[in-house]
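First comes the structure, then the notes that go with it.
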Amino acid sequence: MDDDSIQLDQLLELDKVIHERVRLGIMSALSASKNLTFNDIKQILKATDGNLGMHLRMLEKHQYIEVEKKFIGRKPQTSYQISQKGKKAFRHYICVIEKLVSNLK
């Protein structure tokens with residue numbers, strides 16, 4: 001098997017749910033923090049409400065993140081944390097990227 005087919009096989013291993021730029025940013029931010037609010041993530045990624053909401057719903061649908069909704073006073077607050085399934089998927093994603101990068105050396 002040549003180097004090109006090894007890299008192609010590794011690319012096919014990339015989780016398509018995580019691989020999108022905003023979702024990768026969300027997973028990265030959540031893996032570095034215990035939990036973050038919607039506004040925290042929005043500020044970190046410089047994303048719009050609608051765009052961020054769509055990507056968070058996709059990660060929630062695949063059970064990569066957990067969502068907690070509560071009220072602080074009369075104001076609703078939504079916070080997110082990475083799930084066990086999400087941690088496992090993100091670690092695998094990072095391992096695949098590391099393999100790809102190591103093949104470039």
Side-chain angles (χ1 to χ4, degrees):
M1 192 181 285
D2 62 7
D3 287 346
D4 289 340
S5 40
I6 291 170
Q7 285 190 343
L8 180 58
D9 288 346
Q10 290 169 342
L11 283 173
L12 294 173
E13 281 186 58
L14 287 173
D15 187 323
K16 289 166 185 49
V17 174
I18 296 174
H19 192 63
E20 197 286 327
R21 184 187 70 80
V22 174
R23 292 192 295 266
L24 179 58
I26 293 167
M27 294 297 285
S28 298
L30 289 175
S31 71
S33 300
K34 184 174 178 169
N35 68 38
L36 294 170
T37 66
F38 183 90
N39 286 330
D40 293 335
I41 300 169
K42 180 180 165 185
Q43 185 176 11
I44 290 166
L45 299 180
K46 310 281 190 262
T48 64
D49 288 1
N51 191 25
L52 181 58
M54 177 187 70
H55 290 294
L56 287 164
R57 282 190 297 278
M58 175 68 80
L59 291 169
E60 182 182 10
K61 174 183 167 189
H62 285 85
Q63 300 174 339
Y64 285 2
I65 61 172
E66 296 170 349
V67 182
E68 180 184 357
K69 295 179 185 249
K70 61 184 175 185
F71 282 89
I72 298 185
R74 293 178 165 241
K75 205 170 184 186
Q77 184 181 65
T78 305
S79 61
Y80 301 87
Q81 65 182 15
I82 195 166
S83 67
Q84 286 300 335
K85 181 178 179 181
K87 286 178 188 177
K88 183 178 177 182
F90 189 64
R91 276 194 298 268
H92 182 261
Y93 180 88
I94 295 301
C95 286
V96 172
I97 293 293
E98 286 173 343
K99 282 184 210 173
L100 284 165
V101 170
S102 72
N103 285 342
L104 297 175
K105 295 179 182 178

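- Here the NE2 atom belonging to H62 is positioned 14.0 Å from the CZ atom belonging to R57, to the nearest 0.5 angstrom.
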task: For side chain to side chain contact (heavy atoms under 4.5 Å, CB included), just list the numbers for I97 and L14, CA-CA rounded to whole Å, side-chain angles, deciding distance to a tenth of an Å, and then say yes or no.
output: CA-CA 8 Å; I97 293 293; L14 287 173; 3.7 Å; yes

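- E98 CD to L100 CG: the interatomic distance, rounded to the nearest 0.5 Å, is 10.5 Å.
- Between the CD atom in E66 and the NZ atom in K85 there is a gap of 12.0 Å [rounded to 0.5 Å].
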Can you give each donor-acceptor pair under 3.5 Å made by side-chain atoms of residues 39-52, sequence neighbours left out, with the distance rounded to 0.1 Å?
unit_1, atom_1, unit_2, atom_2, d
D40, OD1, T37, OG1, 3.3
D40, OD2, T37, N, 3.0
D40, OD2, T37, OG1, 3.0
K42, NZ, D49, OD1, 2.6
K46, NZ, Q43, O, 3.2
T48, OG1, N51, N, 3.3
N51, OD1, H55, NE2, 3.1

Under 3.5 Å donor-acceptor pairs involving side-chain atoms of residues 71-78, not counting sequence neighbours:
none

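- Residues M58 and M54 are members of separate hydrophobic clusters, defined by side-chain heavy-atom contacts under 4.5 angstrom among Ile, Leu, Val, Met, Phe, Trp and Tyr.
- In this structure, CD in E68 is found 4.5 Å from OG in S79, a value given to the nearest 0.5 Å.
- Applying the ring-ring contact (aromatic ring centres under 6.0 Å, His included) test to residues at least two apart or on different chains, the pairs with a partner in residues 18-54 are H19-Y93.
- A distance of 12.0 Å separates NZ of K88 from CG of D15, quoted to the nearest 0.5 Å.
- The side-chain contact (heavy atoms from CB on, under 4.5 Å) test with I65 singles out one residue from L30, N35, L36, and that residue is L30.
- One finds the OH atom of Y80 at 10.0 Å from the CG atom of L59 (value rounded to the nearest 0.5 Å).
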